[in-house]
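The structure appears below as structure tokens.
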2 protein chains.
Amino acid sequence: MVEYHKALSDKTRLRILALLKVEDLCVCELVEILQISQPAVSQHMRKLKNAKLVKERRSGQWVFYSLDGSMYPFFEKVLQSLPSASEEIKQLKASGLKVLCD
Amino acid sequence: MVEYHKALSDKTRLRILALLKVEDLCVCELVEILQISQPAVSQHMRKLKNAKLVKERRSGQWVFYSLDGSMYPFFEKVLQSLPSASEEIKQLKASGLKVLCD
DNA sequence: ACATTATATAAGCGAATAAATATATAAATA
DNA sequence: TATTTATATATTTATTCGCTTATATAATGT
């Protein structure tokens, strides 16, 4: 319970979850959108993964992350209350940096 | 949203909320149950209050805290998933340290 | 007014956390 | 096999957090 809330008590991780609500993303796409270093993204994803809020799936050289959190009955409502990030995903696609292989 | 989750990402504060689910408590009662210093309890209560998860009410020399959190649609479910603390309250009463003035 | 009890705030210390830099692993491709 | 691209881990440093001790404020009672 503590680990779950720790995972969500960071601005960047809440933003990552809002982005994953739109669609699955790989690390390099998150680096592009969030404008932080790749190791920083990886460490955030590890925390979210340890808290069982995301799942990872490898596709070729990329690792895609998707929302999970099915074990927390309130997580769904938390996700709903996050602001929409569809605009940021749109900009990623417009910039031509969306990974297409998936 | 970050502040809300930070407030809940501590074992002691989750325990305090579980205790308040049973009934309103004042600081000195929490000190007795939790076996930590009075300033430590006050500091936890300030964080919970800043996150709008508890309300305070003065009654004579005591300050009683009660659950709030009405602005978070998921908080109710989080509370439900906390373990029952009624046994600890029962022990407090048995020890004669329950504040009765209220 | 003074002493007692309850609570809050401030300062300081050790532990946990976040982020950057450097390095390692893994897959794809020439 | 060597190189490039993507991701993970390790290390270091700076910040944050929780707790304690000390002090301040507030209410009660003598």
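Proteins come first, then strands; the chains are lettered A, B, ... in the order of their sequence lines, and each starts at number 1.
Rounded to an integer number of Å, the gap from B/His5 NE2 to D/dC17 P is 16 Å. For the pair A/Arg57 CZ and D/dA6 P, the interatomic distance rounds to 17 Å; values are reported in whole Å. Rounded to a whole Å, the CD atom of B/Gln35 is 15 Å from the C1' atom of D/dC19. Rounded to whole Å, atom C1' of D/dT28 lies 9 Å from atom CH2 of B/Trp62. The CZ atom of A/Arg46 sits 12 Å away from the P atom of C/dT17 (whole-angstrom rounding). In this structure, A/His44 places its NE2 atom 14 Å from P of C/dT17, rounding to the nearest Å. Distance CE (A/Met45) to P (D/dT9): 13 Å, rounded to an integer number of Å. Between the C1' atom of D/dA6 and the CD atom of A/Glu32 lies a distance of 14 Å, rounded to the nearest Å.
Side chains of A/Asp68 and A/Ser70: a donor on one and an acceptor on the other come within 3.5 Å.
Side-chain proximity of A/Glu56 to the nucleotides D/dC19, D/dA8, C/dA20 is greatest for D/dA8. When the nucleotides D/dA27, C/dA6, D/dT20 are ranked by their closest atom to the side chain of B/Arg58, D/dA27 comes out on top. Side-chain proximity of B/Pro39 to D/dA22, D/dG18, D/dC19: nearest is D/dA22. Comparing D/dA8, C/dT7, D/dG18 by their nearest atom to the side chain of B/Lys47 picks out D/dG18.
Mapping B/Lys6 and B/Gln61 onto DNA chain D via the closest heavy atom, the residue that lands nearer the 5' end is B/Lys6.
Using a 4.0 Å cut-off, some side-chain N or O of B/Thr12 falls inside it from OP1 or OP2 of D/dC19. For B/Ser42 and C/dT7, the shortest distance from a side-chain N or O to OP1 or OP2 is not below 4.0 Å. Here B/Tyr65 does not reach the OP1 or OP2 of C/dA6: none of its side-chain N or O atoms lies under 4.0 Å away. Applying the 4.0 Å criterion to OP1 and OP2 of D/dC19, one finds that B/Ser37 has every side-chain N and O outside that range.
Checking C/dA30 for Watson-Crick or G-U wobble geometry (two distances, each under 3.5 Å) identifies D/dT1 as its partner.
Under the 4.5 Å side-chain criterion, counting only non-hydrogen atoms from C-beta, A/Arg15 is in contact with A/Glu88.
Taking only distance into account, the side chain of B/Gln43 never meets the base of C/dA8 through a donor-acceptor pair shorter than 3.5 Å. Within 3.5 Å, a donor on the side chain of B/Gln38 pairs with an acceptor on the base of C/dA8, or the reverse.
By the neighbour-count criterion of 12 heavy atoms within 6.0 Å, atom NZ of B/Lys55 is sparsely surrounded, having that number or fewer from other residues, nucleotides or ligands. Surrounding NZ of A/Lys77 are at most 12 heavy atoms belonging to other residues, nucleotides or ligands under 6.0 Å away.
A/Phe74 has its ring centre no less than 6.0 Å from the ring centre of B/Tyr72.
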